[in-house]
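Below is one structure, written out as structure tokens; the observations come after it.
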Amino acid sequence: MALYDTIGVTYDLLRRPDFRLAVQIDKALGTARTVVNVGAGAGSYEPAERDVTAVEPSAEMIRKRSIRSARAVQATAEALPFPDKSFDAAMAVLTIHHWQDQEAGLREMRRVSRGPVVIVTFDPASRPWLTDYLPQLAELDERQMPPIDFYQRCLGEVSVEKLLVPHDCTDGFLYAFWRRPLAYLDPALRKGSSSFWALGKTLEPGLERLRSDLAECIWHRRYDHLLTLDSYDVGYRIVIAG
């Protein structure tokens, strides 16, 4: 059973793509007409004006795809069921940390793409403020997320863009609520992130400390520099291999 067959039950409600992030991701695909979206989930960030083929291992996530979404093939990143150079571009959005063999998955994306390989990922060297309360998240990031230089080793020369997160981001990924700390105290919203599923009750002491600091305005004094920002570099990156 794929991971998201279990944790993806409310994913489509909590992970609504943000149009500002979508614009930057779409731009990274260049002039590609045909695109394979690896680890596609429910279809977030699939460019509507391109011919997209989705690859997703979870039957639950495929069921959640809209009837207007691209056709989906049930398969894994490590064994893409397509001939060499089948697509103008390949993309993968916040999925590489779920792959069993990350190097194999990246090489498969390179194999089936005639053009750019675009990966939306997180730099594990980043330390968002949430990790001050929940250091387990930083440890999990380091275990799951490859360092940025890993992509160059697998894909050849790459460029790296910062993916700034808007303060009112509609997508509920892990560090999206950087200016809305109360969101992390909502168990329903935490279900939108696989990291919270993975760490479970071990996070309770840190969440309780966050709850206390918010009640006493300690968080607001410590992180007041964030409260005037419209967008912020939390550590998300777009890696592009031409």
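The figures here come from the full heavy-atom set of this structure, side chains too, leaving out hydrogens, waters and symmetry mates.
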Output yes when Glu157 and Arg110 qualify as a salt bridge under the 4.0 Å nitrogen-oxygen rule, no when they do not. no

Any carboxylate oxygen within less than 4.0 angstrom of a Lys/Arg side-chain nitrogen, looking at Arg180 and Asp186? no

Between the side chains of Glu78 and Gln100, is a donor N or O closer than 3.5 angstrom to an acceptor N or O?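 No, because no side-chain N or O of Glu78 sits under 3.5 Å from a partner of the opposite role on Gln100.
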
Taking only distance into account, with no hydrogens and no angle test, what donor-acceptor pairs under 3.5 Å do side-chain atoms of residues 216-223 form with protein atoms, sequence neighbours excluded?
| unit_1 | atom_1 | unit_2 | atom_2 | d |
| --- | --- | --- | --- | --- |
| Glu216 | OE2 | Ser212 | OG | 3.4 |
| Arg222 | NH1 | Tyr133 | OH | 3.1 |
| Tyr223 | OH | Asp132 | OD2 | 2.6 |

Taking all atoms of both residues into account, what is the closest heavy-atom pair of [X] and [Y], and its distance?
{"X": "Trp99", "Y": "Ala92", "result": "CZ2-CB, 4.0 Å"}
{"X": "Ala77", "Y": "Leu80", "result": "O-CG, 3.6 Å"}
{"X": "Gln74", "Y": "Pro57", "result": "NE2-O, 2.9 Å"}

Ring centroid separation Trp129 to Tyr184 under 6.0 Å: yes

Validation row, ring centre Phe173 to ring centre Phe122 under 6.0 Å: no

How long is the straight-line distance from [atom2] of [Y] back to [atom1] of [X], given to the nearest 0.5 Å?
{"X": "Arg20", "Y": "Thr170", "atom1": "CZ", "atom2": "OG1", "value": "7.0 Å"}
{"X": "Phe150", "Y": "Leu155", "atom1": "CZ", "atom2": "CG", "value": "8.5 Å"}
{"X": "Cys154", "Y": "Asp149", "atom1": "SG", "atom2": "CG", "value": "10.0 Å"}
{"X": "Asp123", "Y": "Arg237", "atom1": "CG", "atom2": "CZ", "value": "5.5 Å"}
{"X": "Ser231", "Y": "His167", "atom1": "OG", "atom2": "NE2", "value": "9.0 Å"}
{"X": "Arg179", "Y": "Tyr232", "atom1": "CZ", "atom2": "OH", "value": "13.0 Å"}

[X] vs [Y] side-chain heavy atoms within contact, under 4.5 Å:
{"X": "Ser195", "Y": "His97", "value": "no"}
{"X": "Trp178", "Y": "Leu130", "value": "no"}
{"X": "Leu185", "Y": "Leu210", "value": "yes"}
{"X": "Arg143", "Y": "Leu140", "value": "yes"}
{"X": "Pro47", "Y": "Ile25", "value": "no"}
{"X": "Asn37", "Y": "Arg50", "value": "no"}
{"X": "Lys191", "Y": "Phe196", "value": "no"}
{"X": "Ile96", "Y": "Leu106", "value": "yes"}

So, does Gln24 use its side chain to make a donor-acceptor pair with the main chain of Lys162 at under 3.5 Å? yes

Side-chain (Ser193) to main-chain (Arg190) donor-acceptor, under 3.5 angstrom: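 Answer holds: no.
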
May I have all residue pairs that pass salt bridge (Lys or Arg N to Asp or Glu O under 4.0 Å) and include part of residues 37-46, sequence neighbours excluded?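 Sorted pair list: Glu46-Arg65.
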
Do any side-chain atoms of residues 29-36 form donor-acceptor pairs under 3.5 angstrom with protein atoms, and if so which ones, sequence neighbours left out?
| unit_1 | atom_1 | unit_2 | atom_2 | d |
| --- | --- | --- | --- | --- |
| Thr34 | OG1 | Asp88 | N | 2.9 |
| Thr34 | OG1 | Asp88 | OD2 | 3.4 |

What residue among Val118, Val117, Ile119 forms side chain to side chain contact (heavy atoms under 4.5 Å, CB included) with Val239?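 Result for side chain to side chain contact (heavy atoms under 4.5 Å, CB included) with Val239: Ile119.
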
Show your reasoning for whether side chain to side chain contact (heavy atoms under 4.5 Å, CB included) applies to Val38 and Thr95. CA-CA 8 Å; Val38 179; Thr95 178; 5.6 Å; no

Take Phe82 and Glu108, measure what side chain to side chain contact (heavy atoms under 4.5 Å, CB included) needs, and give me the verdict at the end. CA-CA 9 Å; Phe82 311 111; Glu108 276 288 271; over 6 Å; no

Under the side chain to side chain donor-acceptor pair (under 3.5 Å) criterion, do Tyr151 and Thr121 qualify, and how do the steps go? CA-CA 10 Å; Tyr151 298 95; Thr121 187; 2.8 Å; yes

Can you tell me if CD on Glu49 sees more than 12 non-hydrogen neighbours from other groups inside 6.0 Å?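 Not buried by this count: 12 neighbours or fewer within 6.0 Å.
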
Side chain to side chain contact (heavy atoms under 4.5 Å, CB included) assessment of Tyr175 paired with Val165: CA-CA 9 Å; Tyr175 298 118; Val165 179; over 6 Å; no

Apply side chain to side chain contact (heavy atoms under 4.5 Å, CB included) to Tyr45 and Asp18, showing your working. CA-CA 8 Å; Tyr45 303 105; Asp18 187 283; 3.9 Å; yes

